[in-house]
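Shown next, in structure tokens, is the structure this report addresses.
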Amino acid sequence: MIAENVVFGIIAAAMALGAIGVVRTKNVVHAALYLVVVLAGGAAQFILLGQEFVAWVQVLVYIGAVIVLFLFGIMLTRAPMHPKDSLDNDLRWPAAVTSLFLVGILVGLLVHTFHADKVDVQRPVRTADVTSSIFTTYIVPFEVVGVLLLGALIGAVVLARKD
Amino acid sequence: MIGAGVTPIAHAPVDWYAIAPEIALFAAAILIVVLRSVARHDPKVHQASMLIAIAGVAASALFTGVQWAFVHSNGPYQAMSGLVAVDGFGVFVKSVILGATLLALLLSGGYLRREHLESPEYFALMLCSATGMMLMASANDLITIFLSLEILSIALYVLAAFDRRRLSSQEAGLKYFLLGSFSSAVFLYGIALVYGATGTTRLSGIAQFLAKIVLLHDGVLFVGLALLLVGLGFKVAAAPFHMWTPDVYQGAPTPVTAFMAAATKAAAFAAVLRIFVGAFRLYDVDWRPAVFGLAVLSLLVGSIAAVVQTDVKRMLAYQSISHAGYVLIGVQAATDKGTSAALFYVCTYAVMATGAFAIVMLVARRGDDRHELTDYRGLASARPVLAGLLTLFLLAQAGVPLTGGFVAKLSVFSAAIDVGQYWLALVGMLAAVIGAFVYLRIVLAMYAPPDDEAAPEGPRIVVDAGTGVALTIAAGAIVFLGVVPGIVLDFAHAATQLLAR
């Protein structure tokens, strides 16, 4: 248990530093790369909890797709690739207050509700179990995602075509 | 490679009847996309895809009717491992959504031709969105509700921005997209917290869990519930989550605005009723004050802000916020009577909103930009039938007797009074009076003499066949709902009793 707690602490610290980096840096590309640290940390935490499938989904979807999409977006839209002072605006203090408020509520809430509960990490969830629950219990959401993707695809074509 | 120790997945039995209405709509959408790619340059594709879309709606309505017959004789049940509820509630909301979709499709054909926007994808997206709404109406599971919310929203973001040459349409799409995805994220967080508190995402499972177990630490549940309310409040355009509504309703192509106002509200209120009145009925002491607040704010903000507008489309957009407030009065009662009143209101609003926006679409003419109050001057002498119809729809929205709007308002007020919420009913009546002032302003402008020398005569108002049919249906329906409301009221009442909990 101690080793797990230590590893958790290290990863959590790295994630927090990465998250601060995302909002502190004046370079959009650097912000995207800091976000990789945060998301990879999330994946590592999932592995620590024995959730290998969710961890790899996190890597594939967030780091593999979302961040790459960010970088493509930055490159294709002539966004500033070099450091820029104008990234900050007047709303930084209201934003800070709002996010601190949110952190306070969520942390307080989770600590208050689950303070003594221990997560059972001895028994990792097998990917096969995830699979069978997707194809039996959650078959409707799984199929419905297909409708969602097709709708998004048609929408993207409509918005992007020239005519 | 299937070796030893690998058990094949046991497939859950698929209940095709439970999802047939959604499948019919989506199949029509796929057919349109296929047709579009096979016969790309054929000018008839546009016409054909509209017909396919209407056929899809008709097939879906047929399957919904079959479901109703089944539920009526055998009672409600849960299908697909409890994720889909087949009950009268779902059938009622699905009928409203299908009706609103049919009217929006009929309006769209002529509109797209007039604006030179002919494109089969429009119909595919509209059917996609309707599929999401239908699924939302019958979903018995928070994850399914979230996904259907996303399906209906993503298609609507694109539809709102469909007239890409108009800057206001682009703005509408982008604004709706940014705020909509933010609210979806809020809703998703709410689902996560509710799951954390109850251990299930099934609505009936949540209700059973809460009936059996008293939570010692219910903070997670409450914050989750609050986030769900915020996410859905955005979708039904209830104040204070209404900021996007005027700009999006105004900028979107008018048939899309009609579709958004009528069908999206129906679907989102179905989710509100299923989640709050259905799954969290035992916690109504806790969520009713919040819904009370939303209702009061929506009623007042919607009707007061509409007074100072001079743009008719924008006025109707603000009024749609206050109409959401009336439905919330019914939700807030948290009784069967309140639920059936909310259902009846949603149904009536779908008809009167579509009718009013249809006339707005016609008066706007080519370019979709004549929405000012001055553009309506002299409409009564130029096109008396159109002016008369708009008067009918506006009086219905104001709640004048002999129209569906009167019965709808009466039933939500009486549901509120039944549970002792006199103040809420009073605020509702106040909002109705302010609303009547707004509507009379439009009516008076129409019946004012045309200022002949000021505005040069624009292109003639052309009523195409589809719009004519849609207007006839809407006008007939609103009078029918007002004169013989019993049939639909009974249906709405039956829908609440059969709600699978």
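So that the names make sense, note that chain A is the first sequence line, chain B the second, and so on, each numbered from 1.
- Neither the backbone nor the side chain of B:Ser129 has a heavy atom closer than 4.5 Å to any heavy atom of chain A.
- Heavy atoms closer than 4.5 Å to chain B are found in the side chain of A:Leu106, but not in its backbone.
- Between B:Phe26 and A:Leu150 there is a side-chain heavy-atom pair separated by less than 4.5 Å.
- When the candidates B:Leu152, B:Leu135, B:Val220, B:Ile154 are compared by the number of heavy-atom contacts under 4.5 Å with chain A, B:Val220 comes out ahead.
- Heavy atoms closer than 4.5 Å to chain A are found nowhere in B:Arg165, neither backbone nor side chain.
- Under the 4.5 Å side-chain criterion, counting only non-hydrogen atoms from C-beta, B:Leu147 is not in contact with A:Val140.
- Scanning both residues, A:Gly151 and B:Cys128, for their nearest heavy atoms gives CA-SG, 3.7 Å.
- Heavy atoms of other residues, nucleotides or ligands lying less than 6.0 angstrom from CZ of B:Phe222 number more than 12.
- With a 4.5 angstrom heavy-atom cutoff, B:Ala155 does not touch chain A via any of its atoms.
- Taking A:Val145, A:Val144, A:Val147 one by one and counting their heavy-atom pairs under 4.5 Å with chain B, the maximum is reached by A:Val147.
- For B:Phe162, the part sitting under 4.5 Å from any heavy atom of chain A is the side chain, from C-beta outward, and nothing else.
- When heavy atoms are compared at a cutoff of 4.5 Å, B:Tyr189 approaches chain A solely by way of its side chain, counted from C-beta outward.
- A:Phe53 CZ: 12 or fewer foreign heavy atoms inside a 6.0 Å radius.
- For B:Leu159, no part sits under 4.5 Å from any heavy atom of chain A, backbone or side chain.
- Side chains of A:Pro141 and B:Leu83 form a contact here, defined as non-hydrogen atoms less than 4.5 Å apart.
- The heavy-atom pair separating B:Glu121 from A:Val158 by the smallest distance is CB-CG2, 3.4 Å.
- Side-chain atoms of B:Leu221 and A:Thr113, non-hydrogen and from C-beta on, never get closer than 4.5 Å to each other.
- The two residues B:Leu125 and A:Gly155 come nearest to each other via the heavy atoms CD2-N, 4.0 Å.
- The CZ atom of B:Phe146 lies 8.5 Å from the CG atom of A:Leu148; values are rounded to the nearest 0.5 Å.
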Begin with the C-alpha distance, continue with both residues' side-chain angles, and end with the deciding distance and a verdict on side chain to side chain contact (heavy atoms under 4.5 Å, CB included) for A:Leu159 and B:Tyr157.
-> CA-CA 10 Å; A:Leu159 289 180; B:Tyr157 302 147; over 6 Å; no
Candidate pair A:Glu143 and B:Met80, rule side chain to side chain contact (heavy atoms under 4.5 Å, CB included), full reasoning = CA-CA 12 Å; A:Glu143 295 291 339; B:Met80 312 290 284; over 6 Å; no
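- Annotation: the span from B:Asp141 atom CG to A:Tyr138 atom OH amounts to 6.5 Å, rounded to 0.5 Å.
- Shortest non-hydrogen contact noted between A:Ile154 and B:Ala124 is CD1-CB, 4.3 Å.
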